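Remember, it's a predicted structure, so these values are computed and weren't measured experimentally.
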Amino acid sequence: MLGPRPAEASVAALPAALGLSQLGGLEQLLPYARRYAVVLIHAPVEQLAPLLQGHAMRPLLPLDMQPRGMVRSYRQIKHLALHAGLPSIVAAAAAAHEPFARRHADTLMASLAQCAERHLRLAPLCTRADPALAQDMRRLALLLLSHSATLTPGLAALPARYAAAPAFSQPAWKL
């Protein structure tokens, strides 16, 4: 058993490394997630991209701040754009008391956004958050909710090109 049953807990974790690749679509997760208002899927972009096709959403990509991290982050943005037709949200975690880390994150996000716009013709939303600050976490949560998808049993999701415009057309945080 994986922990408390859904009726007894507000959070459930489903190990799905192999099962995710066998899904025909996100709608097949509904029986497992119907008791929850929000479902987060944490998986490699290569596994998620086929499932996200046709859904009007912006997946969250954490900014990789390691050496060569911008290249890895750009590859993820490109993979989602080419294989799912989706733009993304790029978030960097940087503590408010670490000015060097904040400047480094800002520089990486600006370069990443510029590369994505130049080569992919899309502008990812870029944001920086301090995990220790509640207001930053609330802002990130609201940003994610405003760019999420609603799964409804029996209804096919609209292709992203027919979906309504996103709630945020500007980057969530000014670079």
Side-chain angles (χ1 to χ4, degrees), residues 11 13-17 20-21 26 29 36-150 160-161 163-175:
V11 177
L14 302 173
L20 200 58
S21 63
L26 290 179
L29 288 174
Y36 301 98
V38 176
V39 176
L40 299 175
I41 301 172
H42 179 264
V45 171
E46 296 79 16
Q47 287 183 340
L48 280 178
L51 296 174
L52 300 179
Q53 288 179 345
H55 293 281
M57 64 170 49
R58 282 185 182 244
L60 173 69
L61 299 174
L63 178 66
D64 187 342
M65 293 179 41
Q66 301 301 315
R68 306 232 347 117
M70 193 182 90
V71 173
R72 284 189 289 271
S73 293
Y74 176 79
R75 283 185 186 146
Q76 291 178 337
I77 291 170
K78 183 177 179 180
H79 194 91
L80 281 172
L82 294 177
H83 297 283
L86 295 175
S88 55
I89 298 171
V90 178
H97 66 277
E98 296 178 355
F100 175 78
R102 292 166 55 99
R103 283 192 306 274
H104 182 61
D106 294 348
T107 302
L108 289 177
M109 285 189 296
S111 296
L112 191 60
Q114 185 180 29
C115 287
E117 194 165 336
R118 182 183 310 134
H119 299 292
L120 302 173
R121 302 286 188 254
L122 44 96
L125 294 178
C126 294
T127 188
R128 176 175 29 89
D130 181 346
L133 295 177
Q135 70 262 22
D136 279 10
M137 294 296 97
R138 279 192 297 274
R139 181 179 49 81
L140 184 58
L142 289 172
L143 179 67
L144 292 174
L145 285 172
S146 70
H147 292 285
S148 63
T150 300
R161 65 180 178 272
F168 291 61
S169 59
Q170 296 289 323
W173 183 77
K174 188 99 172 152
L175 295 176

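Counting only N and O atoms by type, the side chains of Thr127 and Arg139 include a donor and acceptor under 3.5 Å apart.
Judged by distance alone, with hydrogens and angles left aside, the side-chain atoms of Gln76 form no donor-acceptor pair with the main-chain N or O of Val45 at under 3.5 Å.
Under the side-chain contact (heavy atoms from CB on, under 4.5 Å) criterion, Leu48 pairs with Leu20, Ile41, Ala43, Leu52, not counting sequence neighbours. Take Leu82 and apply the side-chain contact (heavy atoms from CB on, under 4.5 Å) test, not counting sequence neighbours, and it matches Lys78. Under the rule for a ring-ring contact (aromatic ring centres under 6.0 Å, His included), His119 has no partner lying at least two apart in sequence or in another chain. With sequence neighbours excluded, no residue satisfies side-chain contact (heavy atoms from CB on, under 4.5 Å) with Ala141.
Here the closest heavy-atom approach between residue Ala81 and residue Leu122 is recorded as CB-CD2, 3.8 Å. Heavy-atom minimum distance, Met57 versus Ser148: CB-C, 4.1 Å. In terms of heavy-atom proximity, Gln53 sits nearest to Ala84 at CG-CA, 3.7 Å. When every heavy atom of Met137 is checked against every heavy atom of Pro131, the shortest pair comes out as CE-CA, 3.7 Å. Here the shortest heavy-atom pairing between Ala49 and His79 reads CB-CD2, 3.8 Å. Here the shortest heavy-atom pairing between Ala96 and Arg102 reads CA-NH1, 3.5 Å.
Using a 4.5 Å cut-off on side-chain heavy atoms (C-beta onward), Leu108 and Val90 make no contact. The shortest distance between side-chain heavy atoms of Pro87 and Arg58 falls below 4.5 Å. Contact of the Ile89 side chain with the Pro124 side chain is not registered, since no non-hydrogen atoms from C-beta on lie closer than 4.5 Å.
Atom CG of Leu140 sits about 13.0 Å away from atom CZ of Arg128, to the nearest 0.5 Å. Distance check: Leu112 CG to Ser88 OG gives 8.0 Å after rounding to the nearest 0.5 Å. Distance check, rounded to the nearest 0.5 Å: CG of Asp130 to NE2 of His97 gives 7.5 Å. The distance from the CG atom of Asp106 to the CZ atom of Arg103 is 9.5 Å, given to the nearest 0.5 Å. With values rounded to the nearest 0.5 angstrom, His104 atom NE2 is found 10.5 Å from Met109 atom CE.
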Could you pull out all donor-acceptor pairs under 3.5 Å where a side-chain atom in residues 61-70 meets a protein atom, sequence neighbours excluded?
from	atom 1	to	atom 2	distance (Å)
Asp64	OD1	Gln66	N	3.1
Asp64	OD2	Arg72	NE	2.6
Asp64	OD2	Arg72	NH2	3.3

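Residue pairs satisfying the salt bridge (charged side-chain N to carboxylate O under 4.0 Å, His left out) criterion with at least one member in residues 109-122, sequence neighbours excluded, are absent.
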Practice problem: Please lay out, stage by stage, how Leu143 and Leu125 fare under the test side-chain contact (heavy atoms from CB on, under 4.5 Å). | Solution: CA-CA 10 Å; Leu143 179 67; Leu125 294 178; 4.1 Å; yes

